[in-house]
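All figures in this text were calculated on a predicted structure; none of them were measured in a lab. For reference, positions follow the sequence shown, starting with 1.
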Amino acid sequence: MHRGKKRAATTVTASSTAYSKFSRHPAHHVDAGFEPQTPFGSSTPFGSSTPVRSASPVGRPKVSPWLRWAIDPVEAFKLLLIPIVLYINWELLTPRLETVLDPLAPIIGPYLPDGHLPNPFGPLFLLSNKVPTSDPDDPRYAKSWCDLLFIAYHIVFFSCFRQFVTDTLSRRIARYFGIKKESKLARFGEQGYAVVYFFLSGAWGMRVMSQLPTWWFQTEYFWIDYPHWDMKPELKRYYLMQMSYWCQQFIVLVLQLEKPRKDYYELVAHHIVTLWLVGWSYMMNLTLIGNAVYMSMDIPDMALALSKLLNYLQLERAKVVSFAIFVCLWTYFRHALNLIILWSVWKEFDRVPEHAMKWVPSDGTYLVPWMKYQVFAPLALLQLLNLFWFYLILRILVRTILTFTTDDDRSEDEDDDDDEDVEEKKLVEKYKDDWNENGTTKKTDAQSENHK
């Protein structure tokens, strides 16, 4: 009998100790499909069964099978390979097909460019509509309906590239530096992709501008010699890639592949305005001013994403220095240069040649006088959004100066704990309240003392 009481007291004491340890570590990990640890194994202090709780959803969200390419880089890569394989097969088989169709050459010849069957898969990843009269040493390209195929193909490309950088490269770097929480891994991946993309896009945009008369925001050339309908091949590819990227990012927002932040609706508005700017400027032959706008956006975005990465890595001095550099870049590119562009639209619009200030799509001219306001409006709206984010940036800057921390106002709490940890804390608090309320701890201590 005494031995039984001793065993029971020991069991209760061990349970109390286990609960005490557990309550001091509320962030204890719980694997998917297993019950959380409690003082009595799989039971609450009152003996009732604890419901099985699976971990928070980790990984890619569920989407329609038709959209698997948007979240699975392997599926996207397969889609990207199909047109390339078909293109190669067409190039190999067409000479034989042309031999068969040779008797019909007088009939179908006038409908074939250069007298050859065009490869129907080329427009998906090659530029279309080369200007026949352009210098072979300085080729030019015009707009084409085939550009929509190019954009669609590269939306898939950016989906593949994004998931590869986010899920493969960035996560490995984050784990190497000791980041383990799923929420922080996801955020690190998003910002890692932003650094890679905006670095490449910003550098490419600068290279493209260096080939244009608008080099470093000589704004009068936005309008002189309009319409700028014949584009250098690199300018056209750069423009279409920008459109593909922002379309893909809009899909990310719609499918919520990234956890929405506090400024979700401002981001949606930003994406809509950006798509409006890209598409409208391309159609209206305003690609020179478009290139300047994209540069003013991409370079500070790269600095912002880099600053966030350093913040996640807890590199205190590096993140503060990078944030200071980012504030300078943001102020110059997103405000000073953007205001210069707005000033140019308002004051230099009249430099458009008089013969081009008419709506004649066949001539590539669209800048009738009221178009001045059509160009000004989305740029002004973009500047208002920039001012909203600049306000948040200044708040962080003040906090950095006062406390030497650079937390993002948009996500003050969202990365502190995973959903698992939040639920775990609630569970522990519930047990803690029940445990104290029923005096179990005191009773156990008294039993142990009497036993001694």
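- Within a 6.0 Å sphere centred on CH2 of W370, heavy atoms belonging to other residues, nucleotides or ligands number more than 12.
- With hydrogens and angles disregarded, no donor-acceptor distance shorter than 3.5 Å links the side chain of E91 to the backbone of I88.
- Side-chain atoms of E348 and W343 form no donor-acceptor pair, as typed in the model, at a separation below 3.5 Å.
- Between F150 and L126 there is no side-chain heavy-atom pair separated by less than 4.5 Å.
- Here the side chains of T166 and F188 are not in contact, with every heavy-atom distance at 4.5 Å or above.
- You'll find the side chain of F222 reaches within 4.5 Å of the side chain of T214, heavy atoms only.
- Using modelled atom types and a 3.5 Å distance limit, the side chains of Y238 and T287 yield no donor-acceptor pair.
- No donor-acceptor pair under 3.5 Å is formed between the side chain of D363 and the backbone N or O of T365.
- W276 has its ring centre no less than 6.0 Å from the ring centre of H271.
- Checking N311 against Q191 by side-chain atom types alone, no donor-acceptor pair falls below 3.5 Å.
- Checked by atom type and distance alone, the side chain of S134 pairs as donor or acceptor with a backbone atom of V131 at under 3.5 Å.
- Q383 is listed as a side-chain neighbour of H335, based on a closest heavy-atom distance under 4.5 Å.
- Looking at heavy atoms from C-beta onward, Y153 lies in side-chain contact with P83 at the 4.5 angstrom threshold.
- Heavy-atom neighbours of F77 CZ from other residues, nucleotides or ligands within 6.0 Å: at or below the threshold of 12.
- Formation of a donor-acceptor pair under 3.5 Å by the T331 side chain with backbone atoms of V327 is found in this model.
- For Y221, the OH atom is loosely surrounded, since the number of other residues' heavy atoms within 6.0 Å does not exceed 12.
- When atom types are taken as modelled, the side chain of Y226 and the backbone of Y366 share a donor-acceptor pair closer than 3.5 angstrom.
- Ring pair Y312/F177: centre-to-centre distance not below 6.0 Å.
- In this structure, S128 contributes its side chain and C146 its backbone to no donor-acceptor pair below 3.5 Å.
- Residues L235 and L288 form a side-chain contact, since some pair of their non-hydrogen atoms from C-beta on lies under 4.5 Å apart.
- Distance check, rounded to the nearest 0.5 Å: CE of M297 to CG of L382 gives 5.5 Å.
- Under the side chain to side chain contact (heavy atoms under 4.5 Å, CB included) rule, F323 has a single partner from I396, L310, L304, which is I396.
- With values rounded to the nearest 0.5 angstrom, R237 atom CZ is found 10.5 Å from S244 atom OG.
- Under the 4.5 Å side-chain criterion, counting only non-hydrogen atoms from C-beta, W204 is not in contact with F199.
- Y264 places a side-chain N or O within donor-acceptor distance of the main-chain N or O of L253, the cut-off being under 3.5 Å.
- For K236 (side chain) and A142 (main-chain N/O), a donor-acceptor pair under 3.5 Å exists by modelled atom type.
- In this structure, the side chain of Q163 engages the main chain of I71 through a donor-acceptor pair within 3.5 Å.
- Closest heavy-atom contact between P73 and C160: O-SG, 3.5 Å.
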* To do: Begin from the C-alpha positions of D301 and R334 and carry the test salt bridge (charged side-chain N to carboxylate O under 4.0 Å, His left out) through to its verdict.
  => CA-CA 9 Å; D301 277 348; R334 285 287 185 110; 2.9 Å; yes
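- Cation-pi check for K372 over W346 is met; the charged atom lies under 6.0 angstrom from the ring centroid and within 45 degrees of its normal.
- We find the CG-CG distance between D147 and N129 to be 7.5 Å, quoted to the nearest 0.5 Å.
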* Audit row: Y193, F164, ring pair (Phe, Tyr, Trp, His ring centres under 6.0 Å) steps and yes/no -> CA-CA 9 Å; Y193 173 64; F164 173 74; over 10 Å; no
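- For the atom pair CG of L315 and CG of L309, the computed distance is 10.0 Å after rounding to the nearest 0.5 Å.
- The closest side-chain heavy-atom distance from M284 to Q374 is not below 4.5 Å.
- A donor atom on one side chain and an acceptor atom on the other are not found under 3.5 Å apart for Y197 and D298.
- With N119 contributing its side chain and Y87 its backbone, the two residues share a donor-acceptor pair below 3.5 Å.
- Atom CH2 of W246 sits about 7.5 Å away from atom CD of Q242, to the nearest 0.5 Å.
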